[in-house]
Amino acid sequence: MSELEPKLVTNPPVATIASLAAHVGDTVTLRGWLYNMRQSGKLLFPIFRDGTGTIQGIVPKAAVSPEVFERVKSLTQESSVIVTGSVRADARAPSGFELDVANLEIVHLVPASDPFPISHKEHGTDFLMEHRHLWIRTPRQSAILRIRATIMRAAQEYFDTNGFVRTDPPILTPAACEGTSTLFELDYFGDPAFLTQSGQLYIEATALALGKVYSFGPTFRAEKSKTRRHLTEFWMIEPEVAFMDLEGDMQLAEAFLTHIVTRVLELHRADLTVIGRDIAKLEAVIAPIPSESENEAVILSEARSAESKDPEEARPVTTAGTFSTTEPGAPGSAASSPNLGWSATTPRFPRLSYDEAHAMLDAAFKAGKLEAPHIYGDDLGSPDETYISSQFDKPVMVHRYPAASKAFYMQPDPADPTKALCVDVLAPEGYGEIIGGSQRVDSYDLLRARILEHNLPLAAFEWYLDLRRYGSVPHSGFGMGIERAVAWICGLDHVRETIPFPRTLNRIYP
RNA sequence: UCCUGAGUAGCUCAAUGGCAGAGCAUUCGGCUGUUAACCGAAGGGUUGUAGGUUCGAGUCCUACCUCAGGAGCCA
């Protein structure tokens, strides 16, 4: 490949396809791959891609040397090239711009005897997943990965600009964090160890050291889940804040999600269009609700009337007051909502207590809209979450689940100790839970009792109990699964398209 | 772990228990504005594996393998 080096320094300078609108009339050099080629007699229409987009080239036989014409004609799908030509606006070209090719060098010619496996016809999921390393070259997959990158960057950006310190927990852990999920076990110099399923317990420690913290990294679940919502390896971003109660946690989640969706809408209109995403549904998420911003009310009502569903169905999102909101600073709590950077125009998401969610599901079952009844006291099942989230055009926050169905570290509600001060954020359009959070138990005696009740090894949690021995404070946090958030924002039907190389129950290749 | 479904050409799919087929891709030929281009021709098969029923099995039966998406569990 060293023979290529001189070609990489070019004059005129190398451009990217995404920037060609600013180069109309210029001669540019592009480095990329042949995406597709059509021809009509002695006219060739090679379509190039370079990772930033695609551009159609045109090569009339009479306009170039016979060598260049034959070289272009010999190109096979995904052959790599360096191409020079002038940029011209042309309505006949798919992107509106076209490249009059003057010269083209082949960097690597894909042999016709072994063509690029992914054609422009449809393929099955098994085939595509076996060729994931090549599938990501297609426009749709590239667009998704660009949006994923923005979602990750916007998530970090939100915390970084609001005084959070990033403190990443270990990935190798000595014991289960929550004692519920099945973990990947490995041998740690003769002792058992596990891949982390959540950094939460560790960032509780860093939150009591640094105040506002977050972690961002991969997590692992060995559950034999085989659905469109599950990966065995996925990325999670988790904030944890000292002196913050459940109300603050919910406001943080609202502002955080609003920031992420806003950024994606700012930067990825074209990519969302490539994917076929209904952009109006994302705009509805960040639209202020009427009761808090009357002058913006028209935006929301337009967004909602655009998808007018069953008119007899109550649309509780219209007014936040329809549902009980949690009073800031729960009784018996020293916490309040610290200033986390959201403004008065931060949209509020609809909230449902567990009891209200149960009533909604009960009514839906009796109306024949759910196949199975929801049993009071049980956690929400997937069909339950799908139903609830489909009733709103913003993410919906379900809070105060029965403590018995939740993790041992969740603080009981002083108003009803059978409930936990926790919240799940369900994404709209049936995407289900993307965020799970809670206020944590801050009493040493209660936490110790909970650990024993759940038959967890006390010794493994001594360090965690120390956080309640030395300057314990009310604190809260949540975790957001990146891939589920990407699937929702991109409107995908499976999380396997949201990560470059998905790891699922039946797949660890490529 | 349970339930359901699918495995036929490189890919996507057809084929009443009776000759193994089409489109795309590949190769060759044609076409100066193509839009997953189009037109003509050619090559390409151990029908997931192993048994069984039958004169005859891609098709029916049994077991297994692989994959898919739903439940449970979760983000």
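Because only heavy atoms are used, hydrogens play no part in the values below, and waters and symmetry mates are left out as well, while side chains stay in. Chain naming here is simple, since letters A, B, ... match the order of the sequence lines and numbering starts at 1 in each.
Side-chain N/O atoms of A/Ser119 and base N/O atoms of B/C11 include no donor-acceptor pair closer than 3.5 Å. The base of B/G72 lies outside donor-acceptor range of the side chain of A/Ser382, with no N or O pair under 3.5 Å. Taking only distance into account, the side chain of A/His123 never meets the base of B/C11 through a donor-acceptor pair shorter than 3.5 Å. At a cut-off of 3.5 angstrom, counting only N and O atoms as typed in the model, there is a donor on one side and an acceptor on the other between the side-chain of A/Gln56 and the base of B/U34.
Across all strands shown, A/Ala485 has no heavy atoms under 4.0 Å from either base or sugar-phosphate atoms. Among the atoms of the strands shown, base atoms are found under 4.0 Å from some heavy atom of A/Ile58. When heavy atoms are screened at a 4.0 angstrom cut-off, A/Pro60 is found touching no nucleic acid atom at all. A/Phe234 comes within 4.0 angstrom of a base, heavy atoms only. Note on A/Thr76: nothing from the nucleic acid sits closer than 4.0 angstrom, heavy atoms only. Within the 4.0 angstrom heavy-atom criterion, only backbone atoms of the sugar-phosphate kind lie near A/Gly124; the bases stay farther away. Residue contacts for A/Leu231: at a heavy-atom cut-off of 4.0 Å it reaches a base atom on one of the strands shown. The residue A/Glu433 sits close only to the backbone: its heavy atoms come under 4.0 Å of sugar-phosphate atoms, none of a base.
Distance NE2 (A/His494) to P (B/A75): 18 Å, rounded to an integer number of Å. The CG-C1' distance, from A/Asp114 to B/A25, rounds to 12 Å in whole Å. To the nearest angstrom, P of B/A71 lies 12 Å from CG of A/Leu370. Atom-to-atom, CZ of A/Arg88 to C1' of B/G33 comes out at 10 Å; the value is rounded to the nearest Å. Straight-line distance from the CZ atom of A/Phe116 to the C1' atom of B/C11: 13 Å, rounded to whole Å. Straight-line distance from the CG atom of A/Asp379 to the C1' atom of B/C74: 9 Å, rounded to whole Å. For the pair A/Glu223 CD and B/G72 C1', the interatomic distance rounds to 9 Å; values are reported in whole Å. As a whole-Å value, the separation of A/Gln39 CD from B/G29 C1' is 11 Å.
Ring pair A/Phe159/A/Phe256: centre-to-centre distance below 6.0 Å. Ring pair A/Phe461/A/Phe408: centre-to-centre distance below 6.0 Å. With ring centers used as reference points, A/His374 lies under 6.0 Å from A/Tyr354.
A/Lys394 forms no cation-pi arrangement with A/Phe349, by the criterion of a distance under 6.0 Å to the ring centre and an angle within 45° of the ring axis.
For A/Pro115, whose side chain is taken as the heavy atoms from C-beta onward, the closest listed nucleotide among B/G72, B/A25, B/G69 is B/A25. The A/Arg221 side chain lies nearest to B/A75 when the options are B/A75, B/G69, B/C67. When the nucleotides B/U34, B/C67, B/C31 are ranked by their closest atom to the side chain of A/Glu98, B/U34 comes out on top. Comparing B/A75, B/C24, B/A71 by their closest approach to the side chain of A/Pro383 singles out B/A71. Among the nucleotides B/C74, B/U27, B/U32, the one closest to the side chain of A/Ala112 is B/U27.
Comparing B/C11 with B/U46, their P atoms sit 12 Å apart, to the nearest whole Å. Only the C1' atoms considered, B/U1 is 33 Å distant from B/G58, to the nearest whole Å. Nucleotides B/U34 and B/G44, compared at atom C1', are 29 Å apart to the nearest Å. Taking the P atom of each, B/U59 and B/A6 are spaced 14 Å apart, rounded to whole Å.
Residue A/Asn506 has a polar side-chain atom (N or O) positioned under 4.0 Å from OP1 or OP2 of B/A68. Residue A/Arg92 places no side-chain N or O under 4.0 Å from the OP1 or OP2 atom of B/U32. Contact annotation: A/Arg229 side-chain N/O to B/A71 OP1/OP2 distance is under 4.0 Å. Side-chain nitrogen and oxygen atoms of A/Lys226 include none within less than 4.0 Å of the OP1 or OP2 phosphate oxygen of B/G69.
Judged by distance alone, the side chains of A/Gln439 and A/His475 never bring a donor and an acceptor atom under 3.5 Å apart.
Ring-base stacking between A/Phe45 and B/G33 is not satisfied when judged by a centre separation under 5.5 Å and a plane angle under 30°.
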Run A/Arg507 and A/Glu130 through salt bridge (charged side-chain N to carboxylate O under 4.0 Å, His left out) and show every step you take.
CA-CA 9 Å; A/Arg507 195 174 297 281; A/Glu130 281 294 313; 2.8 Å; yes

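Within a 6.0 Å radius of CD in A/Glu371, other residues, nucleotides and ligands contribute 12 heavy atoms or fewer.
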